[in-house]
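Written out below as structure tokens is the structure these notes cover.
Atoms within a ligand are numbered from 1 in the order they appear, just like the ligands themselves.
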Amino acid sequence: MIDYDRIASEYAQHRRVHPEVLNRLHLDSGIDMNSIVLEVGCGTGNYILAIEGLTGAQCWGTDPSDIMLEKARLRSETATFQRGLAESLDFPTVFDFVFSVDVIHHLKKPRTYFEQAYRILKSGGKLCTVTDSEEIIRNREPLAIYFPETVKADLKRYHPIAELREEMETAGFVKLSETTVEFTYLLTDIQAYKDKAFSCLHLISKGSFKRGIEEMERDLETGSIKCTPRYLLLWGTRI
Ligand SMILES: C[S@@+](CC[C@H](N)C(=O)[O-])C[C@H]1O[C@@H](n2cnc3c(N)ncnc32)[C@H](O)[C@@H]1O
């Protein structure tokens, strides 16, 4: 179990939106300034605030970590942030779009979340779950290269996509679809890795972590490190 209250500062400092994830959330959700949108497990508000900036939609975020929410609230006077869990969403049926990024692997019972999301979405509203497939976890660049132990640890906690699809259908969602996105950049500063801003780095041994950081430092001496973060977006529509 990762304590986001404890790592909120490192998270806020290092984690940014994935431009292609944001692009797809914006364009494929069909939302505009008249929409009402909720991000579940919004953390420090990276995605929901970017969505607000792009669309002018009425934006809400919910997360169980008070400290993550504190940081989110400081960044917007218009978005509303409310403490809460994905498994018990305390909202009425008003949303056009509900989404989560990097959260579903924290949930023991994703179906409970899907049922809750179904209840608070208006008819025709969309749900999007942004997560990692097994294939993405096995080939993460640079995490799987420098910290191969993260692969096993994350395969244990991430739900297989087929299982998520089944749970979504059981909750009532239709028109399920998947998209994978990626973008590449060159890493010249590994402070985010040293600060363990990626939760899987909290799941490996001290020795494996130290070895990975040392290898990254060695490679940085001869150039930058190629990073290609990839995500899978799983979509469904409420009838
Ligand atoms: C990796 S962070 C992602 C934050 C944000 N979505 C982003 O992409 O910047 C995971 C977030 O999930 C939240 N979380 C953990 N368990 C949760 C639960 N049961 N319901 C809702 N959010 C949860 C954590 O507090 C944390 O803010």
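- For ligand 1, the polar-atom distance check finds an N/O of V101 within less than 3.5 Å of one of the ligand's N/O atoms.
- Under a cut-off of 6.0 angstrom, the local environment of CG in D90 is sparse, with at most 12 non-hydrogen atoms contributed by other residues, nucleotides or ligands.
- Residue-ligand proximity, E87 to ligand 1, at heavy-atom distances under 4.0 Å covers atoms 18 (C), 19 (N), 20 (N).
- For ligand 1, the atoms lying closer than 4.0 Å to a non-hydrogen atom of L107 are 18 (C), 19 (N), 20 (N).
- Residue V103 places no N or O, backbone or side chain, under 3.5 Å from any N or O of ligand 1.
- Cation-pi geometry between R16 and F183 is not met at under 6.0 angstrom from the ring centre and within 45 degrees of the axis.
- In the hydrophobic cluster analysis, where Ile, Leu, Val, Met, Phe, Trp and Tyr join through side-chain heavy atoms closer than 4.5 angstrom, V98 is grouped together with I239.
- The ligand atoms of ligand 1 that sit less than 4.0 angstrom from a heavy atom of D102 are 1 (C), 10 (C).
- Counting Ile, Leu, Val, Met, Phe, Trp and Tyr side chains that sit under 4.5 Å apart, directly or through other members, L74 stands alone, with no cluster partners.
- Residue-level proximity to ligand 1 for T62 is absent, since no heavy atom of it falls below 4.0 angstrom.
- In this structure D189 satisfies the salt bridge (charged side-chain N to carboxylate O under 4.0 Å, His left out) test with no other residue, sequence neighbours excluded.
- Each of Y4 and F198 belongs to its own hydrophobic cluster when Ile, Leu, Val, Met, Phe, Trp and Tyr are linked at side-chain heavy-atom distances under 4.5 angstrom.
- Contact atoms of ligand 1 toward M68: 27 (O) (distance under 4.0 Å to a heavy atom of the residue).
- For a threshold of 3.5 Å applied to N or O pairs, the pair formed by L85 and ligand 1 contains no separation below that value.
- Closest heavy-atom approach to atom 17 (C) of ligand 1 among the candidates G41, S65, A197, P64: P64.
- Ligand 1 places these atoms under 4.0 Å from at least one heavy atom of E39: 5 (C), 6 (N).
- Taking hydrophobic clusters as Ile, Leu, Val, Met, Phe, Trp and Tyr residues chained together by side-chain heavy-atom distances below 4.5 Å, I48 shares a cluster with L69.
- Summarising the local packing, CD of E87 is surrounded by more than 12 heavy atoms from other residues, nucleotides or ligands at distances under 6.0 Å.
- Taking only nitrogen or oxygen atoms, main chain and side chain alike, D63 reaches within less than 3.5 Å of ligand 1.
- One distance of note links CG of L25 with CZ of F99; it measures 5.5 Å at 0.5 Å rounding.
- Comparing G45, C42, G84, A86 by heavy-atom distance to atom 20 (N) of ligand 1, the nearest is A86.
- Note: no N/O pair closer than 3.5 Å links Y47 and ligand 1 by distance alone.
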